[in-house]
2 protein chains.
Amino acid sequence: MPKTSRNNGRQRQNAEIRKPEIVKSFYQTLLERGFEGASIAKVAARINIHPSLILHYFGNKENLTLALVDYVIEEYARLLGTVTLEGLSPEARLERLLEIIWSREYYEKIHIAGSFSLLAVSFRNPRIREKIEGLYSGYRNFLAKEIQKASDAGVIEHQDAMRTAARIITLIEGARHFRHLFVGKDECEQYNQDMKAATRMMMQMQ
Amino acid sequence: MPKTSRNNGRQRQNAEIRKPEIVKSFYQTLLERGFEGASIAKVAARINIHPSLILHYFGNKENLTLALVDYVIEEYARLLGTVTLEGLSPEARLERLLEIIWSREYYEKIHIAGSFSLLAVSFRNPRIREKIEGLYSGYRNFLAKEIQKASDAGVIEHQDAMRTAARIITLIEGARHFRHLFVGKDECEQYNQDMKAATRMMMQMQ
DNA sequence: ATTAATTAATTAACCATTCAGTTAATTGTT
DNA sequence: AACAATTAACTGAATGGTTAATTAATTAAT
């Protein structure tokens with residue numbers, strides 16, 4: 001009796017498709033089981049492949065983790081990429097930015113559970129820390145540029161744009177934190193409006 | 001040859017001393033290795049006891065984790081307990097509170113790496129989540145009470161104290177976040193002063 | 001025929017937990 | 001003060017399961 005193929009109905013993919021699929025599976029597993037709880041075996045089982053395939057593509061778990069951070073960063077970049085601020089008046093442009101920052105879709109994009117896990121790891125792994133720092137740095141620069149534009153157009157008073165961006169990111173990250181622990185579905189909209197007002201105030205700060 | 005005692009120079013303690021020692025060791029190990037990386041064996045090795053002793057006292061790892069959350073909560077309570085606001089004028093009282101909140105000693109008390117790890121776990125473990133919610137809830141009430149006092153005394157304009165407390169906690173947590181990724185030792189003082197000013201502004205918000 | 005995708009089999013280390021045993025301090029009794 | 005009984009602190013050894021990683025083999029597409 002010849003050994004039959006055990007394909008289990010799975011299609012044979014190429015690296016271009018398989019690698020992102022693995023990273024996404026890692027991300028989902030991370031949310032459910034925590035970082036150290038997201039083993040290679042569990043990540044593989046979720047997408048019905050052999051654990052060895054993951055090591056074949058990523059070599060070891062650290063590389064897989066770095067790929068995950070890249071994935072999260074790309075998700076954020078994609079989100080910011082969909083933001084169209086062009087063609088708006090300076091006032092409308094700033095208003096639209098505030099709207100996006102404090103919209104539900106925006107902050108739900110990357111589940112904060114994943115952020116916490118990766119941030120916790122970043123304390124122990126300098127390479128991961130560097131990548132995350134890069135993410136926030138880009139975010140901060142993006143905000144600062146918008147603030148500077150608004151300032152140049154006279155929409156807000158002139159000030160240190162980078163410092164203002166720092167304040168706003170502080171608020172945004174704190175809000176992700178706070179929402180998780182306190183804010184129910186119904187209060188959420190109220191809280192976000194409150195945060196939007198606080199952001200406006202911070203932009204006017206000297 | 002009779003079996004000699006193998007005390008290894010360690011004193012025999014009682015539960016009252018040993019249990020907190022174990023919890024603190026767990027906390028330190030957590031900071032270094034992450035939650036799932038902080039195994040009972042490693043926690044035991046750090047204080048030179050047998051892993052079985054930990055199970056003897058805590059039964060299983062979940063109970064140990066719950067004890068850790070209690071420990072962190074107590075550390076915070078101890079910190080707030082040292083705050084003496086009594087006997088000050090309403091103005092000075094509010095000023096002192098702001099000073100404490102944005103002092104280095106205060107935010108360094110509980111290393112944010114530990115917070116991230118526990119918060120990440122809180123998504124998966126409702127009992128831990130409850131405890132952490134309780135911690136923040138108490139914190140929020142404490143702040144709200146102080147804000148109300150200042151408001152009654154006319155130091156700040158009247159407003160919704162709980163909402164203001166929510167804003168301030170958002171800022172505090174965001175700042176812990178931001179500091180980790182951005183703020184160097186030298187910029188830190190500047191950043192904290194900036195945050196203190198932002199807190200003042202939030203207290204005046206309508 | 002060559003190459004890439006995938007699995008299989010195995011290893012050695014580590015995991016939480018159990019259970020049974022040992023050691024030392026405390027207490028009660030004489 | 002001496003001694004047995006009791007209790008609490010602590011250790012040892014073994015359990016069954018999981019971990020990341022290695023090496024070799026197999027399968028399918030080009």
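Throughout, a chain's letter reflects where its sequence line sits, starting with A, and its residues are numbered from 1.
Atom pair A/Glu62:CD and D/dA21:C1' shows a separation of 15 Å (rounding to whole Å applied). To the nearest angstrom, P of C/dT17 lies 9 Å from CG of B/Asn63. For the pair B/Arg33 CZ and C/dC14 P, the computed distance is 10 Å after rounding to whole Å. Between A/His56 atom NE2 and D/dA24 atom C1' there is a gap of 14 Å when expressed in whole angstrom units. Atom CD1 in B/Ile40 sits roughly 5 Å away from atom P in C/dA16 (whole-Å rounding). Between the CD atom of A/Glu16 and the C1' atom of C/dA5 there is a distance of 14 Å, given to the nearest Å. Atom CG of A/Asn14 and atom P of D/dA28 are 17 Å apart (whole Å). The CG-C1' distance, from A/Asn48 to C/dA5, rounds to 15 Å in whole Å.
Take B/Ala77 and apply the side chain to side chain contact (heavy atoms under 4.5 Å, CB included) test, not counting sequence neighbours, and it matches no residue. Checked against side chain to side chain contact (heavy atoms under 4.5 Å, CB included), B/Ala144 has the following partners two or more places apart in sequence or in another chain: B/Ala161, B/Met162, B/Ala165. Take B/Arg33 and apply the side chain to side chain contact (heavy atoms under 4.5 Å, CB included) test, not counting sequence neighbours, and it matches B/Thr29, B/Lys42. In terms of the side chain to side chain contact (heavy atoms under 4.5 Å, CB included) criterion, A/Pro20 has no residue partners (sequence neighbours excluded). With sequence neighbours left out, A/Glu133 forms a salt bridge (charged side-chain N to carboxylate O under 4.0 Å, His left out) with A/Arg129. Here A/Asp160 pairs with nothing under the salt bridge (charged side-chain N to carboxylate O under 4.0 Å, His left out) rule; sequence neighbours left out.
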If you restrict it to nitrogen or oxygen atoms, what contacts under 3.5 Å exist between nucleotides 18-20 of chain C and the protein, and what is each distance?
none

Protein-nucleotides 14-18 of chain D N/O pairs closer than 3.5 Å?
none

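When the nucleotides D/dA21, D/dT11, C/dT7 are ranked by their closest atom to the side chain of B/His50, D/dT11 comes out on top.
The backbone N or O of A/Met195 sits nowhere less than 3.5 Å from a side-chain atom of A/Asn192 that would complete a donor-acceptor pair. Between the A/Ser25 side chain and the A/Glu21 main chain, no donor and acceptor come within less than 3.5 Å of each other. The main-chain N or O of B/Leu88 is never found under 3.5 Å from a side-chain atom of B/Arg93 such that the two would form a donor-acceptor pair. Between the A/Ser137 side chain and the A/Gly134 main chain, no donor and acceptor come within less than 3.5 Å of each other.
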### Task
Start with the C-alpha gap between A/Ile156 and A/Thr164, add the side-chain angles, then the distance that decides, and say whether side-chain contact (heavy atoms from CB on, under 4.5 Å) holds.
CA-CA 11 Å; A/Ile156 54 176; A/Thr164 304; over 6 Å; no
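For residues 172-205 of chain B, the set of pairs meeting the ring-ring contact (aromatic ring centres under 6.0 Å, His included) definition, not counting sequence neighbours, comprises A/Phe123-B/His180, A/Tyr136-B/His177, B/Phe116-B/His177, B/Phe178-B/Phe182, B/Phe178-B/Tyr191. A salt bridge (charged side-chain N to carboxylate O under 4.0 Å, His left out) check over residues 190-199 of chain B, counting only residues at least two apart or in different chains, returns the pairs A/Arg163-B/Asp194, A/Arg167-B/Asp194.
Regarding contacts with the backbone of C/dA4, every side-chain N or O of A/Arg18 stays at 4.0 angstrom or more from both OP1 and OP2. At the phosphate of C/dT6, OP1 or OP2 sits under 4.0 Å from a side-chain N or O atom of A/Tyr57.
In the interface, the side chain of A/Arg12 is not paired with the base of D/dA29 through any donor and acceptor atom under 3.5 Å apart.
DNA chain D is contacted by no residue of residues 22-31 of chain B, taking any non-hydrogen atom closer than 4.0 Å.
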Applying the Watson-Crick and G-U criteria (both distances under 3.5 angstrom) with [ ] for crossing and | for other-strand pairs, one obtains for DNA chain D ||||||||||||||||||||||||||||||
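Using a 4.5 Å heavy-atom cutoff, the side chains of B/Arg46 and B/Phe26 are not in contact.
Contacts of A/Leu53 with the nucleic acid, taken as non-hydrogen atoms under 4.0 Å apart, include base atoms.
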